[in-house]
Number of protein chains: 2
Amino acid sequence: MRTRTENVANSLRDGILQGRYPAGYHLQETPLSEEMDVSRTPVRAALAALAAEGLLDYVPKRGYSVRGFSLAEVEATYEIRANLEGMACRLAAERGLDAATCRKLEELLAWGDAILAHGTLRAEDQDDWMDMNNRFHRGLIDAAGNRVLLDLIERTYSIPLASSRVVHWYDYFAIKGSHDLHRRVFDYVRDGRGVNAEAAMREHILQAIDQIRDRLEPAGADNVVVLNAHPIAAGGRDAG
Amino acid sequence: MRTRTENVANSLRDGILQGRYPAGYHLQETPLSEEMDVSRTPVRAALAALAAEGLLDYVPKRGYSVRGFSLAEVEATYEIRANLEGMACRLAAERGLDAATCRKLEELLAWGDAILAHGTLRAEDQDDWMDMNNRFHRGLIDAAGNRVLLDLIERTYSIPLASSRVVHWYDYFAIKGSHDLHRRVFDYVRDGRGVNAEAAMREHILQAIDQIRDRLEPAGADNVVVLNAHPIAAGGRDAG
DNA sequence: TCCGCCAGTCATGTATACATGAAATTTCAG
DNA sequence: CTGAAATTTCATGTATACATGACTGGCGGA
């Protein structure tokens, strides 16, 4: 973290993703600047950045409010991610992996093997898994060598329930299946089989939708803070 | 245009898309604020907004530079747009068109019929066509009722050569073919045939890639200002 | 009682001064 | 003359004061 703007943006992003600021909440510059002990300038810049990421709604002269997401939007996000990351794998396969990338991905797969070797999901491994998973996906996306694709994929990660920090860490066999697909994707990419790589990555990501749905529907959609948006409405300055 | 920030952003966006600021050009706050006769504050906000749109590169403490796009990136953008807008049509078909939307889309199709009725492409019709085309696509996307999808699609429009302002207005039969596909897409959506609607929209957008390629390759990629990025490099403060 | 106008309040928009730190230049040792 | 360290320069980062305009609440008329 270099600039205060970045600090504030990270702090706000955490707050939003953790649900500390509920959907519709009106984020005001002055209170935030006092809480964070900076001036309004970096707060304004951070709010603008988060709005551009899609986490906030913005209306000129009215300010920023926390955006909500419907279950349909979360599902669409996963479907889109599946398409985009699948495409990235296809491009990476067509382009070919350089030796360093190949080695790095193999190491990440070995890391995954190590985590799963216990035969059960240990809570203390969850962060490691998330880290490994993010690096693996990112490695493949980078291997596609297409920044437009990277940008759009990153944007799908910014949607709360589709965030790369969300790991559905409760079913050993689901995680194991994920890892197996990682390996298959890698093999396909390495062997230049773009179409197969694309399909395998799509399958891998689309599985996550079911996990999301399984988790949300029994709980009821209202239980999820990020759902059901209430953008700043006329006639309610501090609505939220 | 309400705020100065928006004015500056629009002005800069035009300049970038028209190639007045070449790829790699370092946009500095003070000179811009003097040119545009505003303070640095709205200029900064506008630069941040354009960077978030993906038109500029940003490095903390170094500033903003015009981003370049490779032909591969432009092609990928169209492929992605084809997927996303196809998906939008599928969702719209599954959801069903309300009467007002249905009527509006039919009017837009009739507008297209009228433009093409001359049997030849008249230069003065180009803006009308672009307007009609944008409204038609936007109408379908809105009908999908999914803002995440809308956001991502809009982002694909912000890439220079994939911008909604680019119309390949030089081949009557290509335009006529476009229009016929519009009509087929609409019919499928209206009739609730989501899969067909998706396929037709994909076909429609993927055709544009060929037109882009046909236009760029004979001219040589270097002829195109937005290609071949030169992001701000270490050792070149005013590198351009 | 209800509607609409008016002024007050306050959040956002903008200008400007100062702080910070990266790049360019100069200086000096070898 | 070469190279590196110190200095200078200046663009960006931040704080703060002021401007603008949207919501609020009260007043008066219907």
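Scope of the values below: all heavy atoms of this structure, side chains included, with no hydrogens, waters or symmetry mates. Letters A, B, ... are given to chains in the order of the sequence lines, protein chains preceding strands, and every chain is numbered from 1.
- Counting only distance, with no hydrogens or angles, the side chain of A:R95 and the backbone of A:A143 share a donor-acceptor pair below 3.5 Å.
- Within a 6.0 Å sphere centred on CZ of B:R135, other residues, nucleotides and ligands contribute 12 heavy atoms or fewer.
- Defining each end axis of the helix from C:dT1-D:dA30 to C:dG30-D:dC1 as the rotation carrying four pairs' C1' atoms onto the next four, with five pairs an end, the two axes are found to diverge by 0° to 10 degrees.
- By the 30° and 60° cut-offs, the orientation of the rings of B:H204 relative to B:H182 is perpendicular.
- A donor-acceptor contact shorter than 3.5 Å links the side chain of A:H26 to the backbone of A:R62.
- OP1 or OP2 of C:dA23 has not a single side-chain nitrogen or oxygen of B:H26 nearer than 4.0 Å.
- One can place CZ of A:R62 at 10 Å from P of D:dT24, the figure rounded to the nearest angstrom.
- The stretch residues 31-45 of chain B touches DNA chain D through B:R40, B:R44, each having a heavy atom within less than 4.0 Å of the strand.
- Ion pairing of B:E154 with B:R81 is absent here, as no side-chain N (NZ or NE/NH1/NH2) approaches a carboxylate O to less than 4.0 Å.
- Checking the phosphate oxygens (OP1, OP2) of D:dG21, no side-chain nitrogen or oxygen of B:R2 falls inside 4.0 Å.
- Each of A:P60 and A:R4 was assigned the nucleotide of DNA chain C with the nearest heavy atom; the assignment lying further toward the 5' end belongs to A:P60.
- B:L27 places its CG atom 14 Å from the P atom of D:dA11, with the value rounded to the nearest Å.
- Classification of B:E79 and A:R90 as a salt-bridged pair holds, one side-chain N sitting under 4.0 Å from a carboxylate O.
- Looking at heavy atoms from C-beta onward, A:L47 lies out of side-chain contact with A:R44 at the 4.5 angstrom threshold.
- The pair A:R155-A:D151 does not count as a salt bridge, with every side-chain nitrogen at least 4.0 angstrom from each carboxylate oxygen.
- Spacing between atom CG of B:N7 and atom P of C:dG13 amounts to 13 Å, rounded to whole angstrom units.
- Taking side-chain N and O atoms only, A:Y58 has no distance below 4.0 Å to OP1 or OP2 of C:dA11.
- Atom CD in B:E29 sits roughly 15 Å away from atom C1' in C:dC18 (whole-Å rounding).
- Distance NZ (A:K61) to P (C:dA11): 12 Å, rounded to an integer number of Å.
- A donor-acceptor contact under 3.5 angstrom links the side chains of B:T101 and B:D98, judged on distance only.
- A donor-acceptor contact closer than 3.5 angstrom links the side chains of A:N10 and A:R13.
- Within residues 46-56 of chain A, no residue has a heavy atom under 4.0 Å from DNA chain D.
- Within the 4.5 Å cutoff, the side chain of B:M132 has no heavy atoms near those of the B:L109 side chain.
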